[in-house]
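Computed over heavy atoms, backbone and side chain alike; hydrogens, waters and symmetry mates excluded.
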Amino acid sequence: MTDIHIDDFYKDAAKILLHLYVSFPKPSQIYVEDIAGADNPDEFGLHSDRHSACFSTMLWLAQAGYIHYVDTIRHEALDQAVLTQKAFLLLTAYSELAESHPKVKETNPPSVKEEFSSNIHQIRLALKSNSSIQIRKIVQYLLKQP
């Protein structure tokens, strides 16, 4: 059995990286609600643990050198967020996880093989599958890379 908060971390990290990849190189605002879903603050205006964990994932990705941002918007978003060079190159790089993917065949044109073999494509596949095991596998793979 896995720890649910760690599965949430992996899913949030994958969604954040994908979100910023789609808008790259243009800096954008990235809202916690867009990643973790709607939040219902309590009577004191404090966010849920789930919301706080997602926001913390954003900050952790920045501290670990995967994203850069200019400022936070309260505890709800990052302003002017963008992938770092390290993250962009990592997401566009070849993924060893792609070797088991049926669409990566020798008969495909090089451009198709390259696209299906990228880390960002593996993130898309994992998120589409909604499998916490697949999501964990690709995010762990990414975080292990130098």
Side-chain angles (χ1 to χ4, degrees), residues 1-41 46-70 72-106 108-146:
M1 184 172 145
T2 63
D3 294 315
I4 291 174
H5 70 286
I6 300 300
D7 287 340
D8 287 342
F9 166 78
Y10 287 132
K11 189 171 189 177
D12 292 347
K15 285 182 171 184
I16 292 163
L17 293 171
L18 178 61
H19 179 87
L20 293 176
Y21 178 83
V22 170
S23 65
F24 188 83
K26 181 183 165 203
S28 64
Q29 293 176 338
I30 183 165
Y31 288 88
V32 173
E33 275 196 5
D34 294 340
I35 304 302
D39 183 43
N40 295 316
L46 298 175
H47 292 288
S48 68
D49 288 342
R50 178 71 189 96
H51 180 96
S52 297
C54 181
F55 187 70
S56 294
T57 299
M58 291 179 178
L59 298 177
W60 186 90
L61 286 169
Q63 291 170 346
Y66 294 98
I67 65 175
H68 175 75
Y69 66 95
V70 172
T72 60
I73 301 172
R74 296 178 297 280
H75 285 103
E76 297 173 12
L78 297 183
D79 190 26
Q80 300 298 303
V82 66
L83 295 173
T84 61
Q85 177 185 6
K86 168 186 171 178
F88 177 72
L89 293 175
L90 182 60
L91 294 175
T92 57
Y94 172 79
S95 177
E96 293 173 4
L97 300 177
E99 293 173 5
S100 62
H101 194 277
K103 290 187 178 180
V104 181
K105 298 178 182 169
E106 292 301 318
N108 285 333
S111 61
V112 173
K113 285 193 323 192
E114 186 173 332
E115 174 62 26
F116 287 152
S117 299
S118 68
N119 285 315
I120 194 64
H121 187 72
Q122 298 307 306
I123 287 176
R124 286 183 175 125
L125 290 174
L127 289 171
K128 186 176 179 181
S129 77
N130 207 26
S131 163
S132 58
I133 294 169
Q134 290 302 106
I135 295 167
R136 174 186 290 254
K137 186 187 253 186
I138 183 61
V139 175
Q140 283 181 339
Y141 175 80
L142 294 174
L143 297 178
K144 284 192 244 180
Q145 303 306 309

Between atom OH of Tyr94 and atom NE2 of His121, what is the distance when rounded to the nearest 0.5 Å?
13.0 Å
Set out, in order, the CA-CA distance, both residues' side-chain angles and the distance that settles side chain to side chain contact (heavy atoms under 4.5 Å, CB included) for Gln134 and Leu125, then state yes or no.
CA-CA 8 Å; Gln134 290 302 106; Leu125 290 174; over 6 Å; no
Classify the angle between the aromatic ring planes of Phe9 and Trp60 as parallel (below 30°), tilted (30 to 60°) or perpendicular (above 60°).
perpendicular
Which atom of Asp3 lies closest to which atom of Arg136, heavy atoms considered:
O-NH2, 4.5 Å
When rounded to the nearest 0.5 Å, the distance separating CG of Leu91 from OH of Tyr66 is 10.0 Å
Could you tell me the separation between the CD1 atom of Ile35 and the CG atom of Leu17, rounded to the nearest 0.5 Å?
9.5 Å
Any sub-3.5 Å donor-acceptor pair from Ser118's side-chain atoms to Thr92's backbone N or O?
no
Is the number of heavy atoms from other residues, nucleotides or ligands under 6.0 Å of Gln85 CD greater than 12?
no
Look at the side chain of Thr72 and the backbone N and O of His75, then say whether any donor-acceptor pair between them is shorter than 3.5 Å.
no
Could you check whether atom CG of Leu89 has more than 12 heavy atoms from other residues, nucleotides or ligands sitting under 6.0 Å from it?
yes
Listing request: all salt bridge (charged side-chain N to carboxylate O under 4.0 Å, His left out) pairs with a residue in residues 72-90, at least two apart in sequence or in separate chains.
Arg74-Glu76
Can you name the nearest heavy-atom pair linking Phe55 to Ala77, along with the distance?
CE1-O, 3.7 Å
In this structure, CG of Asn119 is separated from CG of Leu90 (nearest 0.5 Å) by 5.5 Å
